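The structure is given below, and queries will be raised subsequently.
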Amino acid sequence: MAKFFVKDLNFEKNIGANSLSLKVGAFHFLVDAGMDPKRLGNEALPKLKGIPKNSVDFILLTHCHLDHLGSLPIVMKQQTKAQVLVSYPTQLIAPFMLENSYSVMCRQKDEKGISEYPLFTKDDIAQVAKKFFPVKYGQTYVLKKEDQQANITFFEAGHVLGASSVLIEHEGRKLFITGDILFSDQNSLRGAHIPQLQDLDVVIMETTRGATERKASRRNEEERLIKTIAKTIKNGGACLIPAFALGRMQEMLVLLYEAKKANKLPDCPIYCSGLGMALVSVFDEIGKTSPYLNFSRQILKKLNVKSMRRKKIDPKTSTLKSPAIYLLSSGMLVEHTPAYNVAACLLNNNKNSICFVGYCDERTPGGQLLQAKHNSTFRFEEINFSTKIRAKIDRFDLSGHADRDELCEFIHAQQPKKVVLTHGEEASREWFMARFSKQERSCSVLDPEVGKSYCL
Ligand SMILES: [Zn+2]
Ligand SMILES: [Zn+2]
């Protein structure tokens, strides 16, 4: 029987530059080709050096977050014969994300003095798009190499529009990759749809929330968020919701719309910006025909959404409209984004609130703001501006990743012989190691060292 080999190409055990080399008999797959959003230049790339030129047959792209997609144009220059298997939404969304990444790199080239930027060109993005092969969820595709055959099936993984889990079948052995996965439904996107799979040999599982215990249900968190926003608006304040452009911004629009329909949200202008707005047209297009996405551009009209440019927002000279909701990227308040400048404008007023609704790395301005004390001074380095923290700062657990207990239930139900941990920090993996060794005696667990090849 042919062997499977896995090698994690990330440079550390973290949610950074995700990429897995997977050898399945004669086939060489690459699962994702990410770029670490917190690093700069070539430092942000996965360890691709050990992958010989033109050795990869197929790239399985699970979804369009940059930690999975960001280095794809660079990989494709080395792997010119590889086809990229994607879901239909991923095929549409990926070029937007890569173009945005290209623009950011062009700007950072001078600002931060990174000579190698941009790491790819617009033409490279166009070349990548040509290699996309869109697959339908739930449909099995037969891949052939030499005298061997591998069957590939994509399933909806929740998480974000287009996100996929992947089943690989080869000579009677089965390997399942969760990708980034969310089982529960969001307002805009239904949760993962994975059938009961028989005789699974291996599950490669994300572990993002292994170190996080869920304290409140998703619905309760949504209610609390809407109440916080409504209270802010009623008091005449402004509310900033920093949101990732892909998925979270559209999800928040649907949530606000549902709240408005239910009379839970007072009338006020809503400002949005940037890439998230550009992606609305893709979401609208997919929403017309897909059973899994609840989104239409009509929502923007019904909510009276106005667009906003970062250039106009200077905390030293401008005052922002209030009451109002500012739904802006970036989700982590990184520099050079509308959310960063709006936060600087709103921080000094106790009528205002800033509501974080997604993952926030502690090294980013958003992460630092969440750790800072009320009434202390906060510095916005990039725009040379300091102000007191008087606004209400809160965070809401609306993660796009499955809870650790849900992942344990999934593994318990699917009964694979082996679980391989990926996409998580050390503490997250340790939690799963401990839990599985206690509760899943018939299943072995592997926490692979990065850069090391393992036979599965
Ligand atoms: Zn993701
Ligand atoms: Zn991820």
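In this text, all values refer to a predicted model and were calculated from it rather than measured experimentally.
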Closest heavy-atom pair and its distance - Tyr326, Ala238: CE1-CB, 3.9 Å
Derivation of the side-chain contact (heavy atoms from CB on, under 4.5 Å) call for Leu456 and Leu175: CA-CA 10 Å; Leu456 302 174; Leu175 182 147; 4.0 Å; yes
Side chains of Ser101 and Phe120: closer than 4.5 Å at any heavy-atom pair? yes
Is there a side-chain contact between Ile229 and Leu265, using heavy atoms and a 4.5 Å cut-off? yes
How about Phe356 and Leu369: do any of their side-chain heavy atoms sit closer than 4.5 Å? yes
Measure the OG-CD1 distance between Ser428 and Ile15 for me, rounded to the nearest 0.5 Å. 7.0 Å
Are the side chains of Tyr137 and Ser290 in touch, meaning some heavy atoms are under 4.5 Å apart? no
Student check: side-chain heavy atoms of Ile204 and Leu22 closer than 4.5 Å: yes
Can a side-chain donor-acceptor contact be found between Thr178 and Ser165 if the only test is distance below 3.5 angstrom? no
Using 30° and 60° as the class limits, which term best fits the ring planes of His63 and His65: parallel, tilted or perpendicular? perpendicular
Carboxylate-amine/guanidinium proximity below 4.0 Å for Glu12 and Arg39: yes
Will you find, in the side chains of Asp180 and Thr62, an N or O donor that is under 3.5 Å from an N or O acceptor? no
Evaluate the side-chain proximity of Leu143 to Gln83: yes if any heavy-atom separation is below 4.5 Å, no if none is. no
Quick one: does Arg214's side chain get under 4.5 Å of Arg209's, heavy atoms only? yes
Quick check: does any side chain N or O of Thr364 sit under 3.5 Å from a backbone N or O of Val334, one acting as donor and the other as acceptor? no
Gln186 side-chain N/O to His159 backbone N/O, donor-acceptor pair under 3.5 Å: yes
Tell me whether Asp185 contacts the main-chain N or O of Gly191 through its side chain, where contact means a donor paired with an acceptor under 3.5 Å. yes
Determine whether a donor-acceptor pair (N or O, by modelled atom type, separation under 3.5 Å) exists between the side chain of Asp32 and the backbone of Gly34. no
Do Arg390 and Asn349 get their side chains close enough for a donor-acceptor pair, meaning under 3.5 Å? no
If you count heavy atoms of other groups shown closer than 6.0 angstrom to CD of Gln139, is the number above 12? yes
Please check if atom NZ in Lys77 has more than 12 non-hydrogen atoms from other residues, nucleotides or ligands closer than 6.0 Å. yes
Heavy-atom donor-acceptor pair, Asn352 side chain to Leu346 backbone, under 3.5 Å: yes
Nearest heavy atoms of Ala402 and Leu407, plus distance in Å: CB-CG, 3.9 Å
Pair Lys215 + Asp397, salt bridge at N-O below 4.0 Å: no
For the student: nearest non-hydrogen atoms of Ala33 and Val75, plus distance: CB-CG2, 3.8 Å
Does any non-hydrogen side-chain atom of Val305 lie less than 4.5 Å from one of Ser307? no
Residue set satisfying side-chain hydrogen bond (donor to acceptor under 3.5 Å, both in side chains) with Arg190, at least two apart, ordered chain then number -> Glu156
Would you indicate whether Lys144, at its atom NZ, is surrounded by more than 12 heavy atoms from other residues, nucleotides or ligands within a distance under 6.0 Å? no
Nearest heavy atoms of Val56 and Ala82, plus distance in Å: O-CB, 3.5 Å
Nearest 0.5 angstrom please: Gln298 CD to Asp284 CG, how far? 7.5 Å
Residues Met252, Leu255; criterion side-chain contact (heavy atoms from CB on, under 4.5 Å); working and verdict: CA-CA 5 Å; Met252 286 301 122; Leu255 182 64; 4.1 Å; yes
Rounded to the nearest 0.5 Å, how far does OH of Tyr141 lie from OG1 of Thr153? 9.5 Å
Can you give me the closest heavy-atom contact between Leu189 and Gly158, atom names plus distance? CD2-O, 3.5 Å
Is it true that a side-chain atom of Thr228 and a backbone atom of Arg224 form a donor plus acceptor pair closer than 3.5 Å? yes
Just how far is it from atom NZ of Lys306 to atom CG of Leu300, taken to the nearest 0.5 Å? 12.0 Å
Determine whether Val357 and Glu251 satisfy the following criterion, side-chain contact (heavy atoms from CB on, under 4.5 Å), listing intermediate values before the conclusion. CA-CA 10 Å; Val357 292; Glu251 167 68 7; over 6 Å; no
Answer yes or no: are there more than 12 heavy-atom neighbours, outside Lys23 itself, under 6.0 Å from its atom NZ? no
For Glu43, is the CD atom crowded, meaning more than 12 foreign heavy atoms sit under 6.0 Å from it? no
May I ask you to check whether over 12 heavy atoms, not counting those of Lys351, lie within 6.0 Å of atom NZ? no
Within a reach of under 6.0 Å around NZ of Lys321, are more than 12 heavy atoms found that belong to other residues, nucleotides or ligands? no
At their closest point, which heavy atom of Met332 faces which heavy atom of Phe244, and how far apart are they? CG-CZ, 3.9 Å
Quick one: does any side-chain atom of Arg218 pair with a main-chain N or O of Ser399 as donor and acceptor, under 3.5 Å? yes
Specify whether Phe283 and Phe295 have parallel, tilted or perpendicular ring planes, treating 30° as the upper limit for parallel and 60° as the lower limit for perpendicular. perpendicular
What class does the angle between the rings of Phe410 and Phe183 fall in, given that below 30° is parallel, 30 to 60° is tilted and above 60° is perpendicular? tilted
Quick test of your reading of the model: are Asp8 and Lys47 salt-bridged, counting only N-O distances below 4.0 Å? no
Residue pair Thr121 / Asp124, side-chain donor-acceptor N/O under 3.5 Å: yes
Is the backbone of Pro52 close enough, under 3.5 Å, to the side chain of Gln78 for a donor and an acceptor to pair up by distance? no
Quick one: does Ser184's side chain have a donor or acceptor within less than 3.5 Å of a partner on Leu182's backbone? no
Check for a donor-acceptor pair, side chain of Gln250 on one end and backbone N or O of Leu246 on the other, with a separation under 3.5 Å. no
Taking side-chain hydrogen bond (donor to acceptor under 3.5 Å, both in side chains) as the criterion, tell me which of Thr207, Thr212, Thr208 meets it with His401. Thr208
List the steps, then state whether side-chain contact (heavy atoms from CB on, under 4.5 Å) holds for Phe432 with Arg429. CA-CA 5 Å; Phe432 280 108; Arg429 295 164 188 241; 5.8 Å; no
